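Some notes on the structure that comes next.
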There are 2 protein chains.
Amino acid sequence: MARPATVTPERILAAAATEFAARGFAGARVDRIARRARVNKAMIYYHFGSKQALYRELLRLTFRQAADRLRAIAASAVSAPAALDAAIAALVDLARERSYFPAVMLREVAEGGAHLDGATLAALSAVPAAFAELLARGVRTGTFRPVHPLAAYVTMIAPIVFYLASSPIRQQLRRSHLIDAALPVETFVRHVQHTMRQMLAPESIRPARSLHDA
Amino acid sequence: MARPATVTPERILAAAATEFAARGFAGARVDRIARRARVNKAMIYYHFGSKQALYRELLRLTFRQAADRLRAIAASAVSAPAALDAAIAALVDLARERSYFPAVMLREVAEGGAHLDGATLAALSAVPAAFAELLARGVRTGTFRPVHPLAAYVTMIAPIVFYLASSPIRQQLRRSHLIDAALPVETFVRHVQHTMRQMLAPESIRPARSLHDA
DNA sequence: GTCTATACTTCGATAGAC
DNA sequence: GTCTATCGAAGTATAGAC
């Protein structure tokens, strides 16, 4: 019945997520994280030791959750194409629940993994690994053509992350009337699902395009 | 015959490109840019006024160059699918010539365009606009199925930028033997070209998959 | 566990001589 | 145009009372 001794670490993590997503590691301010979490700044150092340790903890949790969802889908009984659609939808859902996810991921890629230690790297790599398992199943049953797993993963995850993280910039573009930047999530998800299914479709079902095109 | 009064601004821009790509706007240090450019820090302020003005100048130049290349390809006489392949190859080439391009673009998306002013935003928007023109030509001739131009653009540009920027992180993954992170550029470019062609292939040539899948 | 107060450092920017 | 020297702001981190 005892209420948890403290909810402070959770609140700090949530506030850190927002701050790191919006400003990156270097741009994030521990003062702002403390204010947003409604805790004293000293508490952050008490619970996490340093700004970097806090950052790594956040990344590990995020990657772990993404990998868990993909593994659950890969292990389910549905057909490979259905699992692929589900994987795309699940990653989009997760990224929208945890709205900091896309920006944090883009930044970490851009920074060349500068803030990653071994444990965080392992958590990160579990995501493409789970996706590769899902692909392998489709290839075994002949439903998917064989592709480079990492190339396929990048083709799927990059547009999702990019699209979601680019929401503010697309908003700016719409306000400035420079291009038509309207693109609803549902439209985009269906587009990615369609693209990935076409990418993985075996050659045999497209005999009309077998040779000499471009 | 007079040699340019100064090459300092060019050297500063080149050094800034490296610094901003590696560390982001907040992480970039004006001192480091000055050292790398072999100029005094005061010269940066003399020529550009502020760290942010320098950053914007760099982004404008980069986006302008990308848009120019796409426009040249869209205006050329080749078939739409050939132009698509060429556009992908051209963007990859440009990004590899200017190796800071991918990381800077990822960061700017992640930051929600926080450092963009009107002129920079206009330069940025010219890139998807040129790509949309290329797509529209294919749709008019019936070579491409109609797609949401921005969705198609994201599906193309995100994997390219993501793949190139992720080179250091993939290197880390390879060293740690967690997953097979080897993926040569040529393999990846062909993968993206294939994926985009399949994405844009008209429905009519794939009658075997018309309905009730997933 | 939580706070106040502050030490220490780094960085963007500028003044002013040449 | 170029340099040295430095100011002032901002930020990470910690000491120490409660």
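Remember, it's a predicted structure, so these values are computed and weren't measured experimentally. Every chain is numbered from 1 and lettered A, B, ... according to where its sequence line falls, protein lines coming before strand lines. As a basis for the values below, the full set of heavy atoms in this structure was taken, side chains included, without hydrogen atoms, waters or symmetry mates.
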Nucleotide nearest B/A42 when distance is taken to its side chain, options C/dG1, C/dT14, C/dT4: C/dT14

NA contact type, B/A28, heavy-atom cut-off 4.0 Å: base, sugar-phosphate, or nothing? sugar-phosphate

May I ask you to decide whether B/E97 forms a salt bridge with B/R69, counting only side-chain N to carboxylate O separations under 4.0 Å? yes

For the side chain of B/Y46, counting heavy atoms from C-beta on, which of D/dG1, C/dT2, D/dT12 is nearest? D/dG1

Interatomic distance where CD belongs to A/Q52 and P belongs to D/dG11 [whole Å]: 19 Å

Measure from NZ on A/K41 to C1' on D/dG11 and round the result to the nearest Å. 7 Å

Salt bridge check, A/R71 against A/D68: does any charged N sit closer than 4.0 Å to a carboxylate O? yes

Can you check the B/Y55 OH to C/dC11 C1' distance for me, whole Å? 18 Å

Which nucleotide sits closest to the side chain of A/M43: C/dT2, D/dT12, C/dG12? C/dT2

Is there a side-chain contact between A/Y45 and the phosphate of D/dA13, meaning an N or O under 4.0 Å from OP1 or OP2? yes

Tell me which nucleotide among C/dC11, C/dA13, C/dT2 gets nearest to the side chain of A/H47. C/dT2

Ring centres of B/Y100 and B/F20 under 6.0 Å apart? no

Can a salt bridge be assigned to the pair B/R197 and B/D85 using a cut-off of 4.0 Å between side-chain N and carboxylate O? yes

For B/F20 and C/dC11, what is the distance between atoms CZ and P respectively, to the nearest whole Å? 14 Å

Give the rounded distance in Å between these two atoms: CZ of B/F48 and P of C/dT14. 16 Å

Nearest-Å distance, CG (A/D31) to P (C/dT10)? 18 Å

I want to verify a distance call: between C/dT2, D/dG11, D/dC3, whose nearest atom is closest to the A/T8 side chain? C/dT2

Can you measure A/R23 atom CZ to D/dG11 atom C1' for me and round it to whole angstrom units? 14 Å

Thinking salt bridges, do A/R23 and B/E111 make one under a 4.0 Å N-O criterion? no

Tell me: CG of A/N40 to C1' of C/dT4, nearest whole Å? 8 Å

Would you say D/dT12 has OP1 or OP2 under 4.0 Å from some side-chain N or O of A/R29? yes

